[in-house]
2 protein chains.
Amino acid sequence: MITIYVNVQPKANILDPQGKTIHHALQNLGFQSIQEIRIGKRIKIIMEAASVKEATTKAQEMCEKLLINPLIEEYTLEVAS
Amino acid sequence: MITIYVNVQPKANILDPQGKTIHHALQNLGFQSIQEIRIGKRIKIIMEAASVKEATTKAQEMCEKLLINPLIEEYTLEVAS
């Protein structure tokens with residue numbers, strides 16, 4: 001079993017209202033030193049694969065076919081150690 | 001500026017209906033080798049801090065006060081390189 005994390009983030013030029021809301025809430029709690037907060041997703045995929053390379057290729061296919069909206073999101077893959 | 005990621009995951013014993021739905025959708029697309037999918041959050045915090053240690057401590061406070069629900073979620077902190 002190989003575990004791959006897909007780290008998804010809103011693209012830099014895309015508004016992130018959820019991040020803004022949390023930023024304000026944290027400011028109200030006294031955290032004044034924050035410059036920005038962005039909320040992304042972290043998708044954990046546990047799968048059978050013969051090699052890390054095969055698992056990474058599959059995960060990339062999953063991102064392209066379903067997991068990611070390339071208009072507003074960007075992603076990186078991370079193999080769990 | 002220091003960037004810290006908070007990686008949030010549903011605890012192991014907590015149901016994750018969103019993950020199950022995506023798992024089924026990927027199976028329908030032909031990805032048969034997946035064992036499990038869990039959907040978490042990845043919160044990017046950019047903040048001013050004198051040191052990585054100070055930033056990490058602040059981020060941990062934010063998690064305890066607002067970002068994390070310890071009943072159903074667990075988290076790790078990751079300092080961006």
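Below, chain A is the first sequence line, B the second, and so on; all start at residue 1.
- Atom CD of A/Gln60 is separated from atom CG of A/Leu67 by 11.5 Å, given to the nearest 0.5 angstrom.
- Applying a 4.5 Å heavy-atom cutoff, the residues of residues 39-52 of chain B that approach chain A are B/Ile39, B/Gly40, B/Lys41, B/Arg42, B/Ile43, B/Lys44, B/Ile45, B/Ile46, B/Met47, B/Glu48.
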Residue pair B/Leu29, A/Leu66: steps toward the side-chain contact (heavy atoms from CB on, under 4.5 Å) verdict: CA-CA 9 Å; B/Leu29 286 172; A/Leu66 184 78; 4.0 Å; yes
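- With a 4.5 Å cut-off on non-hydrogen atoms, A/Ile2 does not touch chain B at all.
- Residue B/Met1 holds its CE atom at 9.0 Å from OG of A/Ser33, rounded to the nearest 0.5 Å.
- Considering only heavy-atom pairs separated by less than 4.5 Å from chain A, the leading option among B/Lys65, B/Arg38, B/His23 is B/Arg38.
- Neither the backbone nor the side chain of B/Gln32 comes within contact range of chain A, judged by heavy atoms closer than 4.5 Å.
- In this structure, the separation between CD on A/Gln18 and CD1 on A/Ile37 is 10.5 Å, given to the nearest 0.5 Å.
- Top candidate by heavy-atom pairs under 4.5 Å with chain B, chosen from A/Lys58, A/Glu36, A/Glu61, is A/Glu36.
- At a threshold of 4.5 Å between side-chain heavy atoms, the hydrophobic network of Ile, Leu, Val, Met, Phe, Trp and Tyr places A/Phe31 and B/Ile4 in one connected group.
- The CD1 atom of B/Ile14 sits 12.5 Å away from the CD atom of B/Gln9 when rounded to the nearest 0.5 Å.
- Atoms CE and CD1, on B/Met62 and A/Ile22 in that order, are 11.5 Å from each other to the nearest 0.5 Å.
- The distance from atom OG1 of A/Thr21 to atom CG of A/Asp16, rounded to the nearest 0.5 Å, is 8.5 Å.
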